[in-house]
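One structure below.
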Amino acid sequence: MNAPLFNKLNMYKDSGIYPFHMPGHKMGRGIDMKDAFAMDITEIDGFDNLHHAEGIIEDAQKMCAKTFGADKSFFLVNGSSCGIIAAIMSVCGDGDKLIVARNCHKSVMDALVLSGAQPRYVMPEVVDDFNIFGAVSAENIENVCNANPEAKAVIIVSPTFEGIVSDIASIAEVLKKKNMLLIVDAAHGPHMRFNNFFPKTAIECGADIVIESLHKTLPCPTQTSVLHTSGNKVNMERLKKCLAMAQSSSPSYIFMAAIDKCRDYLDNEGKADFESYVNRIKNFREGVKEIKNLRLLDRSIVGRNNIYDYDLGKLVIFSDSINCIEIGDVLRKKYKIELEMSCPTHCLALTSVSDTEEGFERLKNAIIEIDKNLDMMEKRENVSFVFPKPKVKVSPRIAFNAQKMDVDLKDSVGKISAEYVIPYPPGIPLVSPGEEITNKIVSIINKYIESNVNIIGMKNSSLEKILVLM
Ligand SMILES: Cc1ncc(COP(=O)(O)O)c(C=O)c1O
């Protein structure tokens, strides 16, 4: 068959690779929807309409809200990205100020372009020894709110891709007094509701709008997410309109049914499965306790750098001696394990309730062996890709729409970027449209090139040139 994508997926499916990556159903292990295509319909009589839900879809959404502890839940069929865009567009119009944690995903920056909102950034601290972004504190947020009292809302990410959790309850308390909305991108946190081993969810902690990707950490297919609301500060009519704009007018019944089925699973047999899942995580962590060269992120970071809590379901492994992209390669080739991400400083195995005992065992044995093989390696120079607070020169929307030109990266210092530079994953832009390009930024891009980091967003894929404002 001459279908390159289909053929490659078929080969991957049969390759014996174990997926420590999304989606959380782990290549069908945790989901049974064999008749999915027979249920792939459209808005025929009796099947409700996502954009005007008042029948079975509304019933399913209500049950979902109950399970996740929200007042209202909206099914998303274009991933959390569309929920984030709709949430921001529902609170900010052109020129409105939005306080944004700058370690947010690119969809937040896209929402700034689409809505015309003016960002006021808050930088999380950097986690000592690990060189990743930590959390934002209530004090950080309060200071930026005091400087921008007219801001409409705050958006932060918690848990982060690496599992770092901010003190949402205290941040929500600050914002309640200021009558500002708290939006939390919890794309990586929907599983946290289902066992006390995990941190409390953003909805449980009082956020107004929370967006969760079920496909990331629960047994649900790619693109299935949910937007939850809580309290009475959210303008529901505007939010619904924005959701209808950001999502397909032909939402997939397969996706919506999968969300509904996943919710039913979580209400029933999922409870016991989560107990087993937690035990598997504990056994894995206990099993790799003796590693000496690799380091596994754990709760010892809680209390530092504003970190309020940590999601132990993320297995984030650091090496002080080799580029972790190499660890990803070894895991794939020698141990038949595919990770969610590997970058020069660390790699990430994404786990879910659908992971098997055998999968965890394979990863544990591989990590112990790789660690032993690193015994003779020298410590390398400290590598860091975290970046300082950007200088926003014009709003992302103005920069996106402006006249642009290509310049050599080496000549770009002092110019205003017209495009994104995004290491992917995790998708946090190093540069967004409207931000000044500094010496530090250019040196980080050069380090990305040297270290083989996958970059998206730039027109010039060789990364030698960057689009700037004329
Ligand atoms: C922190 C964060 N937020 C939002 C998203 C977007 O989620 P989705 O892929 O469900 O659109 C991602 C995707 O990787 C992410 O890492």
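Read the numbers this way: they start at 1 and go in the same order the structure lists the ligands and their atoms.
- A cation-pi arrangement is not found for Arg193 relative to Phe68, the charged atom failing to lie both closer than 6.0 Å to the ring centre and inside a 45° cone about the ring normal.
- Nearest protein heavy-atom contact of atom 4 (C) of ligand 1 is Asp185 OD2, 3.3 Å.
- Which parts of ligand 1 touch Gly79 is read off a 4.0 Å heavy-atom cut-off, strictly below it: atoms 10 (O), 11 (O).
- In the model, Ser107 has no side-chain atom that pairs as donor or acceptor with a side-chain atom of Asp110 under 3.5 Å.
- Closest to atom 8 (P) of ligand 1 among all protein heavy atoms lies Ser80 N, 3.4 Å.
- Protein heavy atom in closest approach to atom 16 (O) of ligand 1: His188 NE2, 2.7 Å.
- Contact analysis puts His215 in contact with ligand 1, with a non-hydrogen atom separation below 4.0 angstrom.
- Side-chain atoms of Glu419 come within 3.5 Å of backbone N or O of Lys459 as a donor-acceptor pair.
- Counting atoms of ligand 1 from 1 in the listed order, those under 4.0 Å from a heavy atom of Val157 are 1 (C).
- Contact analysis leaves Gly427 out of contact with ligand 1, as no non-hydrogen atom separation drops below 4.0 angstrom.
- Between Ile84 and ligand 1 there is a heavy-atom distance shorter than 4.0 Å.
- With 3.5 Å as the limit, one finds no donor-acceptor pair spanning the side chains of His346 and Asn131.
- Shown in contact with Ser225 at under 4.0 Å from a heavy atom are these atoms of ligand 1, numbered in order with element: 10 (O).
- The shortest heavy-atom contact between Ala258 and Pro221 is CB-CD, 3.4 Å.
- Heavy-atom contacts from other residues, nucleotides or ligands closer than 6.0 Å to CE of Met123 number more than 12.
- No side-chain donor-acceptor contact under 3.5 Å links Ser158 and Ser166.
- Taking the centre and axis of the six-membered ring of Phe274, the NZ or CZ atom of Lys271 falls outside the cone set by 45° and 6.0 Å.
- For ligand 1 and Ser213, the ligand atoms under 4.0 Å from any heavy atom of the residue are 7 (O), 8 (P), 10 (O).
- When hydrogens are left out, the protein atom nearest atom 11 (O) of ligand 1 is Ser81 OG, 2.6 Å; that is the closest non-hydrogen contact.
- Distances from atom 14 (O) of ligand 1 to the heavy atoms of Glu340, Lys216, Gln223 put Lys216 nearest.
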